[in-house]
Amino acid sequence: MKGKRFFPLALLLALALALAQDGKTLYGQYCAACHGAEAQGIPGAIPPLAGNPRVQDEAYVVKVVREGLSGPLEVNGVSYSGVMPPMPQVSEAEAQAIAQYLKGLSGTQAEAPAPAPQVQGDPALGRALYLGQKPLQNGGAPCQACHTVAGVGFLGGGSMGKDLTDAAKRLGGEAGLTGLLQNPAFPVMREAYKGKPLTEAEAAALAAFLVQVSNEVPRPASLYLGRFLVAGLVLLGLLLLYQAILWRLRPRSLAERIQSQLRR
Ligand code: HEC
Ligand code: HEC
């Protein structure tokens with residue numbers, strides 16, 4: 001009886017949730033960190049999606065989201081050559097909803113792209129956060145645990161993530177990085193900072209530090225990509241394994257202990 005009354009309620013709830021997950025919300029959740037709140041992109045670093053003729057093709061957008069994209073592109077006379085990671089966390093239906101939303105944006109937004117946000121981070125603070133000399137406010141791991149940056153820190157740091165020496169050049173400078181760091185698209189980093197996000201000030205400081213580093217040490221980018229993608233996947237596996245071990249070794253609760261006493 002209870003079940004029967006519950007059913008329509010659950011259906012209504014599911015419907016309400018589905019409506020809330022519209023293309024615009026999903027875009028803000030998954031894409032805005034890189035492509036910008038207005039889908040305006042960052043000239044020379046991340047292509048705009050509003051007013052982009054290729055984005056009229058919904059199937060193309062869904063494909064890019066699911067499979068990622070790299071290599072040279074040209075949008076409205078500006079060239080891009082970056083890497084968009086595949087986003088398996090976005091379902092086919094969600095990608096479709098985002099594609100529909102973006103199609104509606106094209107044209108109207110094209111004439112007046114919003115200026116990139118002006119952030120001013122403190123590179124010295126960023127350096128201390130990167131090295132773990134100053135802890136992150138929400139308790140996230142210091143970047144050096146996984147990354148290297150040329151010439152900084154003892155032996156340069158971890159080798160799981162990519163060398164970040166030229167990250168600022170490829171990922172939209174200080175503004176692009178500040179957004180990216182607050183909502184990382186890479187599975188390993190998403191996992192590592194889940195529930196422990198960087199604050200905006202921390203992200204801006206780290207971005208400023210990486211911009212400073214990239215200006216000091218020029219070097220080619222693409223060399224590292226393949227190797228580090230593999231390392232990232234391996235690390236994700238290790239993290240999951242570690243969680244599984246923690247779960248098995250968890251202290252037994254009082255209730256469990258009493259139960260096993262009673263059984264004897
Ligand atoms: C980590 C940053 C990042 C995220 C997050 C991201 N993108 Fe991208 N996207 C890029 C970059 C960089 C390129 C350009 C790749 C290239 O130069 O080949 C790109 C390219 C594209 C293109 C191709 C544009 C063209 O002109 O052909 C589409 C479409 C696209 N992204 C849609 C999306 C959607 C939709 C989302 C959210 C579900 C998203 N992107 C999330 C960085 C990102
Ligand atoms: C748990 C390990 C881990 C931690 C901690 C971590 N990262 Fe990452 N990061 C990765 C992985 C893995 C990638 C995915 C690409 C790769 O393999 O390099 C990545 C990617 C990046 C990228 C994009 C690299 C590129 O050039 O495409 C940036 C920028 C970045 N991280 C910055 C940071 C910063 C800043 C911190 C500290 C707040 C940090 N990361 C902490 C593992 C980590």
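Everything numeric in this text was worked out from a predicted model, so none of it was measured. Order of appearance sets the numbers: ligands from 1, and atoms from 1 within every ligand. What you see below is based on every heavy atom in this structure, not just the backbone, and it leaves out hydrogens, waters and symmetry mates.
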For [atom], find the nearest protein heavy atom and state the residue, atom name and distance (0.1 Å precision).
atom	value
atom 22 (C) of ligand 1	Val64 CG1, 3.7 Å
atom 24 (C) of ligand 1	Asn52 ND2, 3.8 Å
atom 17 (O) of ligand 1	Gly82 N, 2.9 Å
atom 3 (C) of ligand 1	Cys34 SG, 2.7 Å
atom 11 (C) of ligand 1	Met84 CB, 3.7 Å
atom 38 (C) of ligand 1	Cys31 SG, 2.7 Å

Under 4.0 Å from a heavy atom of [X]: give me the atoms of ligand 2 that qualify, with their elements.
X	answer
Leu206	38 (C)
Leu235	1 (C), 2 (C)
Cys146	1 (C), 2 (C), 3 (C), 4 (C), 5 (C), 42 (C), 43 (C)
Leu177	29 (C)

With respect to [atom], which of [options] exhibits the smallest heavy-atom separation?
atom	options	answer
atom 8 (Fe) of ligand 2	His147, Arg190, Glu202	His147
atom 10 (C) of ligand 2	Met189, Gln182, Gln144	Met189
atom 36 (C) of ligand 2	Pro142, Gly132, Cys143	Cys143

Proximity to ligand 1 by part of [X], non-hydrogen separation under 4.0 Å:
X	value
Leu180	side chain
Leu49	side chain
Pro47	side chain
Ser81	backbone

Subject >> Distance-minimising heavy-atom pair for Leu129 and Pro135 >> reply: CD2-O, 3.9 Å
With nothing but distance in play, are any N or O atoms of [X] less than 3.5 Å from an N or O of ligand 1?
X	result
Ala45	no
Tyr30	no
Val75	no

Determine whether a donor-acceptor pair (N or O, by modelled atom type, separation under 3.5 Å) exists between the side chain of [X] and the backbone of [Y].
X	Y	answer
Gln243	Leu239	no
Tyr30	Ala95	no
Tyr193	Ala141	yes

How does [X] reach ligand 2, if at all, at less than 4.0 Å between non-hydrogen atoms: by side chain, backbone, both, or neither?
X	answer
Asp166	neither
Tyr130	neither
Leu239	neither
Leu171	side chain

Subject >> Enumerated ligand 1 atoms positioned under 4.0 Å from heavy atoms of Tyr60 >> reply: 23 (C), 25 (C), 27 (O)
Original post:
Under 4.0 angstrom from ligand 1, any heavy atom of Ala33?
Top reply: no
Original post:
Can you tell me if Tyr27 has a non-hydrogen atom under 4.0 Å from ligand 1?
Top reply: no
Original post:
Do Glu58 and Gln96 get their side chains close enough for a donor-acceptor pair, meaning under 3.5 Å?
Top reply: yes
